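Some notes on the structure that comes next.
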Amino acid sequence: MSVSLLEIKDLTVGFPAEQGILKAVDRVSLKMEEGKTFCLVGESGSGKSVTSLSIMRLIDYDGGDILSGEIFFHGEDLVQKSQEEMIKLRGYKLAMIFQEPMSALNPVFTVGDQIAEAVMLHQKKGKKEAWQDAIEMLRLVGIPAPEVRARQYPHELSGGMCQRVVIAMALVCKPEVLIADEPTTALDVTVQAQILDLLRQLKAELNMAILLITHDMGVAAEVADQIAVMYAGVIVEEGTVEQVFSHPCHPYTLGLLKSIPGYESERGKDLYAIPGNIPSLAQLPQGCRFHPRCVPAREKCRLEEPVPHDLGSGHVVKCWLSEGAERAEKRSPDLPADMNQGEVNGGKEVRTL
Amino acid sequence: MREYFLRRLLQSVLVLFLVSLVTFALIHSAPGGPVRIYLTPGLSQEAAKVQAHNLGLDQPIPIQYVRWLGDLLQGNFGYTFKNHIPVGKILWPTVGNTLILMGVAWFLSLVIAIPWGIYNSTREYGLSDQSAAVISYLGFAMPTFWFGILLQELFSLKLNWLPLSDMYTMGQARNILNLLPHLVLPVTVLTLGFLAAYVKYSRSSMLEVLFQDYIRTARAKGMPERRVVFRHALRNALIPIITVLGLDLPILVGGAALTESVFNWPGMGRLFVEMAMAREYSVLMAITLLTAVIVILGNLLADILYAVVDPRVQLAGRGGRAA
Amino acid sequence: MSGIPIGESPLSGNSLPGGNPGPEPAPRVMSLGGMAWRRFLRNPFAVAGLVVLLFFVIVALFARFIAPFDPARIDLLTSNLPFGSGAHILGTDELGRDIFSRLLYSSQVSLLVGFSVAFVSVFIGTLIGAVSGYFGGFVDTFFMRMVDVLNSVPLLFLNILMLAIFGSSFVLLICILALTSWMGVARLVRGTFLQLRETEYVEAAKALGTSDWRIITYHMIRNATAPIIVNATLMIGGAILSEAALSFLGLGIQPPQTSWGQMLSNAQAYMLTDPLQAVYPGLCILVVVLAVNFIGDGIQSAIDPRRKVRRPRRRWGH
């Protein structure tokens, strides 16, 4: 087994609130390998953004506290580092891009300035050299006439263009890990596809690992090597893209898959939606956090929190119902009827809409 | 860009014209009206009639207005009623005195308030922030002339450290050494007033900016916090501060009246109060218009600064041309 | 496809409880105003402000019964008495008038000016803002230029000028102050209206043939009520300060009527002999205005707990 580039162990992140400390992320663990794409999937409020901000240690600025756990990057625990030490890593070895490209850029500086700034700071290059790097990077992310664009302000660019600039800004120092928090959500569908293509291509060129945060199973299927599904602060299922898409074992994963248009080939049927809403952190249900929305939930699910359960070769699921899931893959008859649906289609094919 | 300023300039001229119209209308509705301003006092009724005719005061109001405006543009503000002194002669010296007082207080309050507000925005509800809040509340609720009187009682009468009032001590050379001790108390009063508002503005403006996405981007880029605050946040926070400073100009220009009256400072504000008591309309009119000019010029300056700081304003200008 | 689709299971649906098993207490139905009031009561500064203001209101209402002396009674035999002189608790001024009684009566002037100026200028401002925002076009341009004009002349100067021209009377003072302080409310109401004008429910009301007047008063002003109330509260403080300033300059309240500002101008003249005389009226102004501002901030954060207090621009208290 190769040594992981980035490994999170039992990360718990809390936010102080009137009701006490709310745990937005609860004992999350994950491993990222070099050159691979890891997708963190879940509804908004599931804690995926908090996880990513914690890796960057930006969560400190949003009022969150890392309560326990470790985040190893090249064997060093980022949780123990001071902000001064993190500054040297952020934007250099660890980079991040955000959801809203328009508001992620500072309106009063030219885009070239904003990209070159990181180069000057981390690679100690002069202004001219940094500017050249910035233009090179703009070219690499597919911006036409980068010399002209570099001198423009964010409000003079389109949304897709801005996201390319944001990506250029994140990648200009050739980071080892790129965290992309919903990088395509705010964009048009056609632009979305372009940006995903770009990320895939740049990943190969720069040989970096990507942590992609998304609520969109379709996006995950397209780019991920490894997938973790988050729900209400915990990872409920994790595995390779084949494992999760071909044999989804958690009812929540299954629900997410079924809500992709065209996942089930029944035309004319209503699009599937998981019943209910994600619970508020202040009122987490007892037992399994998903049980109020889970149809096949049993008595045990209401009382006890499930423990992670390895189905073999890294496919881990946190669900009491999966006790029998090894057999489920052999279509066990004692599995609840709904669970069987998970096996219908492989994920990857599904995306060819 | 040019279009933008031209448009603002035109707007300013329009507002100035309206101010003159309103002032003129007000004065004309006063008992005695313009006749009091322009006629030599003490004339017989017959002679007054002749002079009024010669001065055009028996002409229709619109024509009078145009002539009055023409006189103004040539720098003729009219004469005082009492001693028939040209208004300019008593007005101009007071303008400089007010500018000295207000300039010092304003500069001082900005130099203190903006860094203080920035500091407080990064340490919300800390000791420094709390004390600024107390000062803000006091500054907003305290009659500043009362504060001035209290300072006079304490530092001039009781402790005898500073002069009670006036700009210079009589019988001494009118130099800066004479001026400085006289400045201390009125400047303290005015500075507290400005400080109360500006600390609040700069703090809240910074706070708003510090939670923007691009600040998080800057941090994600690995910018040190100092650079995040002073480069990425400050420039954006300055935009609303500049607007507010521009809008506050009338307070700045007119606000001296009370402080000047308390400390007997020979400025424009005190002159205005004195002339109001004496019903010297010509002087009141001149000062009103002059302050309007100052305010409008200041607002134009704020617009220019605004455009320098915020690149999006230039686009608005271009958009205006395209439309 | 086999199996029961999850979404159609009788167990699911949107009526699921938030998560807590067992009976949940039904959420108590509370009006928006009730909730805001509760939040207001939890704010100690706001409550203190309210108590202080009520205290002054009571003092003003019953000044006649509380005051030991007629505030205008001149008695040169007992002039310039210091603090704590028998029946004259706070002493007397240079004409022998009882300072304590004058303080009590002055609270009537301050509060009356404060409340009526706030009321009248909110009325004017709402009307102008509503008409501008609703009709737009020429009407809007006209009123907004008027706002520009008023904002480019120092309001203190304008007030002094108008008082000098038209003379000083109590009613006139209120009118003049109100006429020069409606701009903030007008801007605010206009802004709200510009937003609301395009909304569907106003469109719908128009389509149903509702009259403009009814749309303005019934549908739109209600939406701007909360910020107007906050603005009005803070304006009370501004008006009290303005009255004090004008009276201090000798242009506001005239003797034999008395006000705190007027008392201060008197006290300044006798600073050397009785420095304490200047302390009381100023302190009264400070406390009342502070109380009103606390209430305003309290209302603001009770109505909209997330948003920070946006104070209307200060008049010209310097």
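Just so we're on the same page: letters track the sequence lines, and every chain starts at 1. In this text the structure is predicted, and so the values were computed from the model without any measurement. Below, each value reflects all heavy atoms present in this structure, side chains not excepted, and no hydrogens, waters or symmetry copies.
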Requested in this report: Could you have a look at Thr291(B), Thr288(B), Ile287(B), Val22(B) and say which one has the most heavy-atom pairs with chain C under 4.5 angstrom?
Outcome: Thr291(B)
Report summary line: Cut-off 4.5 Å, heavy atoms of chain B, and the answer for Leu283(C) is both
**Report entry** Distance in Å, Leu14(B) CG paired with Arg145(C) CZ, rounded so as to fall on 0.5 Å steps
**Finding:** 6.5 Å
**Report entry** Interatomic distance, Leu161(C) atom CG to Tyr281(B) atom OH [nearest 0.5 angstrom]
**Finding:** 8.5 Å
Requested in this report: First locate atom CG of Leu249(C), then atom CZ of Arg270(B), and finally report the distance between them rounded to the nearest 0.5 Å.
Outcome: 12.0 Å
Query - Heavy-atom donor-acceptor pair, Gln268(C) side chain to Val262(B) backbone, under 3.5 Å - result: yes
Query - chain B contacts, top residue of Gly261(C), Ala291(C), Ala244(C) (heavy-atom pairs, under 4.5 Å) - result: Ala244(C)
**Report entry** Beyond-backbone contact of Pro275(C) with Leu157(B), side-chain heavy atoms, under 4.5 angstrom
**Finding:** no
Query raised in the report: If you count heavy-atom pairs under 4.5 Å with chain B, which of Val289(C), Leu286(C), Leu251(C) comes out on top?
Result: Leu286(C)
Query raised in the report: Which heavy atom of Leu241(C) sits nearest a heavy atom of Ala141(B), and at what distance?
Result: CD2-O, 3.7 Å
Requested in this report: Check the pair Trp146(B), Ile285(C) against side-chain contact (heavy atoms from CB on, under 4.5 Å), reporting the backbone distance first and the verdict last.
Outcome: CA-CA 9 Å; Trp146(B) 178 58; Ile285(C) 301 174; over 6 Å; no
Query raised in the report: Between Phe294(C) and Tyr137(B), what is the ring plane arrangement, given parallel below 30°, perpendicular above 60°, and tilted in between?
Result: tilted
**Report entry** Heavy-atom pair of closest approach, residues Val295(B) and Asn151(C)
**Finding:** CG1-O, 4.3 Å
Query - Whether over 12 other heavy atoms sit under 6.0 Å from Phe45(C) CZ - result: no
Query - Contact origin within Met162(C) toward chain B - heavy atom pairs under 4.5 Å - result: side chain
Query raised in the report: Are Phe157(C) and Leu284(B) close enough that some pair of their side-chain heavy atoms sits under 4.5 Å apart?
Result: no
Query raised in the report: Checking heavy atoms, do the side chain of Val279(C), its backbone, both or neither come under 4.5 Å from chain B?
Result: both
Report task. For residues Pro250(B) and Pro154(C), report the shortest heavy-atom separation together with the two atoms involved. Result -> O-CB, 3.5 Å
Query raised in the report: Of the listed residues (Leu289(B), Leu26(B), Asn299(B)), which shares the most heavy-atom pairs with chain C below a 4.5 Å separation?
Result: Leu26(B)
Query - Whether Arg279(B) side chain and Ala164(C) backbone form a donor-acceptor pair below 3.5 Å - result: yes
Query raised in the report: Who wins among Lys158(B), Glu153(B), Met277(B) for the most heavy-atom pairs under 4.5 Å with chain C?
Result: Glu153(B)
Query raised in the report: Looking at Val292(C), Leu150(C), Val153(C), which has the largest count of heavy-atom pairs under 4.5 Å with chain B?
Result: Val153(C)
